[in-house]
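For reference, the structure discussed in these notes is given below.
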There are 2 protein chains.
Amino acid sequence: MLTFVGLGLYDERSITVEGRDALQEADRVFAEFYTSRLAGTTVEALEDHHGVDIEVRDREGVEQDPESILDAAASAGDAVFLTAGDPMISTTHVDLRLRAADRGIETRIVHGTTAEAAAASLSGLQNYRFGKATTLPFPYAHGGEGVPGSVLETIADNRERGLHTLVYLDIKVGTGPDGPDPDHEEYMTADVAAGLLADELDTAGVADAAGGVDTVGVVVARAGSPEPLVAADRLAALADRDFGEPLHLLVVPGDLHLLEHEALVELTGAPEAALPDPV
Amino acid sequence: MLTFVGLGLYDERSITVEGRDALQEADRVFAEFYTSRLAGTTVEALEDHHGVDIEVRDREGVEQDPESILDAAASAGDAVFLTAGDPMISTTHVDLRLRAADRGIETRIVHGTTAEAAAASLSGLQNYRFGKATTLPFPYAHGGEGVPGSVLETIADNRERGLHTLVYLDIKVGTGPDGPDPDHEEYMTADVAAGLLADELDTAGVADAAGGVDTVGVVVARAGSPEPLVAADRLAALADRDFGEPLHLLVVPGDLHLLEHEALVELTGAPEAALPDPV
């Protein structure tokens with residue numbers, strides 16, 4: 001049996017009780033932290049807290065050498081594969097699940113809390129009013145300047161329909177500007193993201209199409225931690241602020257309903273003048 | 001302090017360790033099960049498992065009489081408000097949080113696992129390729145026949161962009177076809193939903209616009225349980241099947257990438273002839 005377990009958002013207590021039980025009952029526990037990571041803990045603290053040994057695999061270890069993980073899950077073996085957030089959000093893990101199925105290994109998924117739900121939950125923006133999400137890569141990672149066209153298109157498409165866009169911010173672990181580098185760890189912060197998007201949206205006419213050049217952003221920093229930060233303002237203003245430690249998310253809102261508008265003002269201290277009128 | 005805690009998807013072990021700790025440390029624990037519920041447990045089992053007393057409030061109790069909950073959270077009081085899934089997905093709880101802020105009561109959110117993440121995770125459909133979600137109401141609840149136009153529009157808009165649509169299925173607790181009824185509890189099942197949508201999509205030309213009249217659906221039943229069921233087929237075929245106990249979800253996929261196509265065939269046993277070719 002191969003059980004994919006989501007560690008949730010922040011630290012060793014973000015896992016579900018079911019996930020913790022699966023972890024503690026497993027013969028071997030693997031983990032990857034290259035698709036995301038837990039900002040509020042370390043592998044050692046996770047091992048101590050749950051009383052288990054965790055074998056951390058890098059991207060190559062999972063994608064090029066999945067057989068060693070599958071071997072541990074074959075026949076009577078009981079292996080757990082840990083990931084931050086929900087375990088199947090990343091494509092690479094669907095691939096591992098398919099390989100397990102190919103070998104006749106039973107798989108199970110224990111869900112984890114996600115940045116997506118937290119972004120809506122913490123900001124007061126309604127979950128069902130989000131459109132497609134997108135990821136903003138570091139400029140060096142997409143081989144161009146500024147923001148890829150596909151990111152701007154997703155935001156524009158959503159805004160035309162009045163929908164919010166969750167923008168995941170790039171994470172580079174094990175790969176840097178010059179290629180593979182085991183020590184490289186880099187997290188795009190929301191001020192940088194807001195700056196990149198402000199430049200593009202305020203010049204590309206994307207904002208114009210949605211009713212104004214002063215595009216608004218909502219920053220969610222350290223979702224799932226005891227003291228998450230949520231801030232809403234014009235992107236250009238957000239670009240000049242410091243939101244502290246990662247991980248950060250950025251939401252580009254579409255139309256704001258009355259309750260969403262009130263939540264941004266009352267709960268995040270957004271300057272009312274920066275927000276579009278509620279619809 | 002008022003702490004909103006998500007119970008997660010299925011039973012008493014779907015809560016996070018952090019959520020369980022908050023629950024056990026609270027002076028008073030409130031809960032509502034009218035926006036969603038845990039199919040794998042009861043209030044009594046939750047109380048036993050966590051060693052707490054839970055005061056369940058109906059919609060009127062939360063929306064018309066929020067002050068009694070806020071009183072328990074005021075000054076030195078430590079109150080927890082429990083909801084299935086993530087605690088702030090429902091608008092009504094944003095309202096409660098705003099009322100707490102008005103009274104100077106500190107609020108905190110402990111996230112829970114969500115049906116949204118589970119639908120992607122269990123089906124192999126990629127999370128970032130979902131567009132706006134929608135809810136399919138019982139025909140009697142929207143006062144018309146069949147499927148509301150807004151639901152069809154959301155699916156069509158998403159499909160035009162190649163995106164998947166998560167369709168939440170209606171839940172009626174405390175309100176039935178004839179109005180308020182404390183004993184009423186009704187959950188739309190995925191076969192019924194597939195039947196309603198098949199009739200509309202295959203006649204309204206919505207499916208035509210996306211490349212064929214045999215619209216495909218993906219059913220996710222009992223997400224978060226030890227044995228969730230995932231099934232993919234033409235909507236008309238899904239309408240004739242029985243997916244067992246609630247809760248159910250339905251996804252109307254957009255374009256299928258190669259890995260998504262493979263996941264539906266290999267992991268859910270979808271008949272390959274029913275699926276569109278991968279793009």
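Here the structure is a predicted model, which is why all the values come from computation and not from measurement. Throughout, a chain's letter reflects where its sequence line sits, starting with A, and its residues are numbered from 1.
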- Item | Top of B/Ala117, B/Gly124, B/Ala118, B/Ala133 for chain A proximity - count of heavy-atom pairs under 4.5 angstrom | B/Ala118
- Smallest heavy-atom separation, B/Leu98 atom then A/Leu267 atom, equals CD2-CG, 3.9 Å
- Message: Below 4.5 Å, heavy-atom pairs only: which of A/Val94, A/Ile89, A/Thr134, A/Leu122 has the largest tally toward chain B?
- Response: A/Leu122
- Message: Quick check: under 4.5 Å, non-hydrogen atoms only, which of residues 256-264 of chain B neighbour chain A?
- Response: B/Leu259, B/Glu262, B/Ala263
- Task: Check whether B/Phe130 gets within reach of chain A through its side chain, its backbone, both or neither, counting any heavy atom under 4.5 Å.
- Result: backbone
- Message: Under the rule for side-chain contact (heavy atoms from CB on, under 4.5 Å), what residues qualify as partners of B/Leu163, not counting sequence neighbours?
- Response: A/Lys132, B/Asn158, B/Arg161
- Working to the nearest 0.5 Å, report the span between CZ of A/Arg97 and OG of B/Ser121. 7.5 Å
- With chain B, the option among A/Asp157, A/Val110, A/Asp95 that has the most non-hydrogen atom pairs under 4.5 Å is A/Asp157
- Message: I need the B/Glu116 CD to A/Thr114 OG1 distance, nearest 0.5 Å.
- Response: 7.0 Å
- Please list, chain by chain and in numerical order, all residues satisfying side-chain contact (heavy atoms from CB on, under 4.5 Å) with A/Ala193, sequence neighbours excluded. A/Leu136, A/Leu169, A/Met188, A/Leu250
- Roughly how far, to the nearest 0.5 Å, is CG of A/Asn127 from CG of B/Leu166? 9.0 Å
- Which atoms of A/Pro226 approach chain B - backbone, side chain, both or neither, heavy atom under 4.5 Å: backbone
- Task: Tell me the residues of residues 6-14 of chain B whose non-hydrogen atoms fall below 4.5 Å from those of chain A, in number order.
- Result: B/Leu9, B/Arg13, B/Ser14
- Query: So what's closer than 4.5 Å to chain B heavy atoms on A/Ile109: side chain, backbone, both or neither?
  - Reply: side chain
- Specify the closest pair of heavy atoms between B/Gly112 and A/Thr113, including all atoms of both residues, with the distance to one decimal. C-CG2, 3.5 Å
- Under 4.5 Å from a heavy atom of chain A, the part of B/Phe4 involved: neither
- Query: Is there a side-chain contact between A/Arg20 and B/Arg20 (heavy atoms, below 4.5 Å)?
  - Reply: yes
- Does any heavy atom of chain B fall under 4.5 Å from the side chain of A/Ala120, the backbone, both, or neither of them? neither
- Message: So, taking the atom named CG in B/Asp102 and the one named CD in A/Glu266, what distance separates them when rounded to the nearest 0.5 Å?
- Response: 6.0 Å
- Query: Side chain, backbone, both or neither: which part of B/Thr154 has a heavy atom under 4.5 Å from chain A?
  - Reply: backbone
